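A short worksheet on the structure shown next.
Letters go in sequence order (proteins before strands), and every chain restarts at 1. Note that the structure is predicted; figures quoted are calculated from it, not measured.
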Number of protein chains: 2
Amino acid sequence: MENEEAPNALREAREEFVSQWGTIGNAWGINRTMAQIHALLMTSSKPLSTDEIMEDLQISRGNANTNLRDLVGWGLVRSVLRKGERKEYFEAEKDVWKMFCIITRERKRREISPAMDVLRKCGEKTKVLKTPEAKEFSAQIQALLDFLKIGERVMESVAASEQNKVMKLAFKLCT
Amino acid sequence: MENEEAPNALREAREEFVSQWGTIGNAWGINRTMAQIHALLMTSSKPLSTDEIMEDLQISRGNANTNLRDLVGWGLVRSVLRKGERKEYFEAEKDVWKMFCIITRERKRREISPAMDVLRKCGEKTKVLKTPEAKEFSAQIQALLDFLKIGERVMESVAASEQNKVMKLAFKLCT
DNA sequence: CCATACTTTCAGTAAATACTGAAAGTCCAG
DNA sequence: CTGGACTTTCAGTATTTACTGAAAGTATGG
């Protein structure tokens, strides 16, 4: 009896983690299922197949497939092939620092760069104008752009740095 | 003719900025209208009333009101009352560093803290378990938690620091 | 008070997003 | 080849999220 307890407690905790992580992911603008699959794989001791994931999360094959592809696209999950088996298995990157770097780079690419493009374009069009209103507009756009430029560089640098180096600076900041 | 050109170019650039910023906001997980109102106010040389915003973005009163309230809730917009008028006017925080601090604090509160709560809860339940699987799970949860702990502190510190101090460190990182 | 100028709320509806499941596609072993 | 094991796609559908507009609420000057 007692040796049954531990696995159950684990299963429950894991189930809660997976379910809650879905909600968290949602708040981050990531879809629920994708976050849940990620949580599942992050805490799995072995790679899982599409069918195991479908079974575990009670989702359709299409849904599982799409979200797994997206996770692979992000670089947060990779597929592994077992010798002598056709089926594809999936495992998550578990190193937290590596995860962070991947997410940082991806956010830079998806969120910062397009915003900078928009700002640059609007800046171009207005920086030649001479009315006070136009100058004010132009200055505000430029201020946003300058800030994002720095942000972009910092994100790239952080994602390319050794964890230690970043942690030291982080510590410096917090004292 | 020539002195008509400038205002039009400005109007167009601004229109494009507002519209595109909505799309960007969407990619950031912020709703389109809220991002557009923010863009509008950020680049307005004077505070705007609800009616002006409705007119400009072609949206309903309810929509305008809700999103303005949300922006005020974030601290990115404040309402100003003109003496002798009942109507409420709105203006955005334009200082980019201040905007960044507000957003950082808010993201910490809305995105990091709830995730940490979940992790702590799941960690509690499993750290007493002795099976290898449970230990692995527990370790992974702990690794995530430790990382977010640092992240939380960094975000708070950054948002509380002088811009200069942070910029210096940013520069250090990028060299 | 009450008329008026304004703001908030919310039921109903529209639009966007996510999911299903079955059909089509791919790939390989025999 | 071809049969089966597996993956991908996508039209149709469900769910979630955002928006409208009118009614209800609030506050103030007269």
To the nearest angstrom, how far is [X] atom [atom1] from [N] atom [atom2]?
X: B:Asn63; N: C:dT13; atom1: CG; atom2: C1'; result: 14 Å
X: A:Asn67; N: D:dT7; atom1: CG; atom2: C1'; result: 15 Å
X: B:Ile59; N: C:dA15; atom1: CD1; atom2: C1'; result: 16 Å
X: B:Asn65; N: D:dT20; atom1: CG; atom2: C1'; result: 13 Å
X: A:Asn31; N: D:dT15; atom1: CG; atom2: C1'; result: 13 Å
X: B:Leu57; N: D:dT20; atom1: CG; atom2: P; result: 10 Å
X: A:Met54; N: D:dT7; atom1: CE; atom2: P; result: 10 Å
X: A:Glu85; N: C:dA29; atom1: CD; atom2: C1'; result: 15 Å

Does B:Arg86 put a side-chain nitrogen or oxygen below 4.0 Å from OP1 or OP2 of C:dT4? no

Map A:Thr50 and A:Asn26 onto DNA chain D by nearest heavy atom, then report which one ends up closer to the 5' terminus. A:Thr50

B:Arg82 NZ/CZ over B:Tyr89 ring centroid, <6.0 Å and within 45° of normal: yes

Here's one to test your reading of the geometry: is the NZ or CZ of B:Arg78 within 45 degrees of the ring axis of B:Phe90 and under 6.0 Å from its centre? no

Minimum heavy-atom distance A:Ile102-A:Trp74, with the two atoms named: CG2-O, 3.0 Å

Are a donor atom and an acceptor atom from the side chains of A:Gln142 and A:Asp146 found within less than 3.5 Å of each other? yes

What's touching nucleotides 23-26 of chain C from the protein side, N or O pairs under 3.5 Å?
none

Could you work out which one of C:dT9, C:dC19, D:dT7 sits closest to the side chain of A:Thr33? C:dC19

Mind telling me whether A:Phe100 and B:Phe147 have parallel, tilted or perpendicular rings, with 30° and 60° as the class edges? tilted

Presence of salt bridge, A:Arg69 and A:Glu88, under 4.0 angstrom: yes

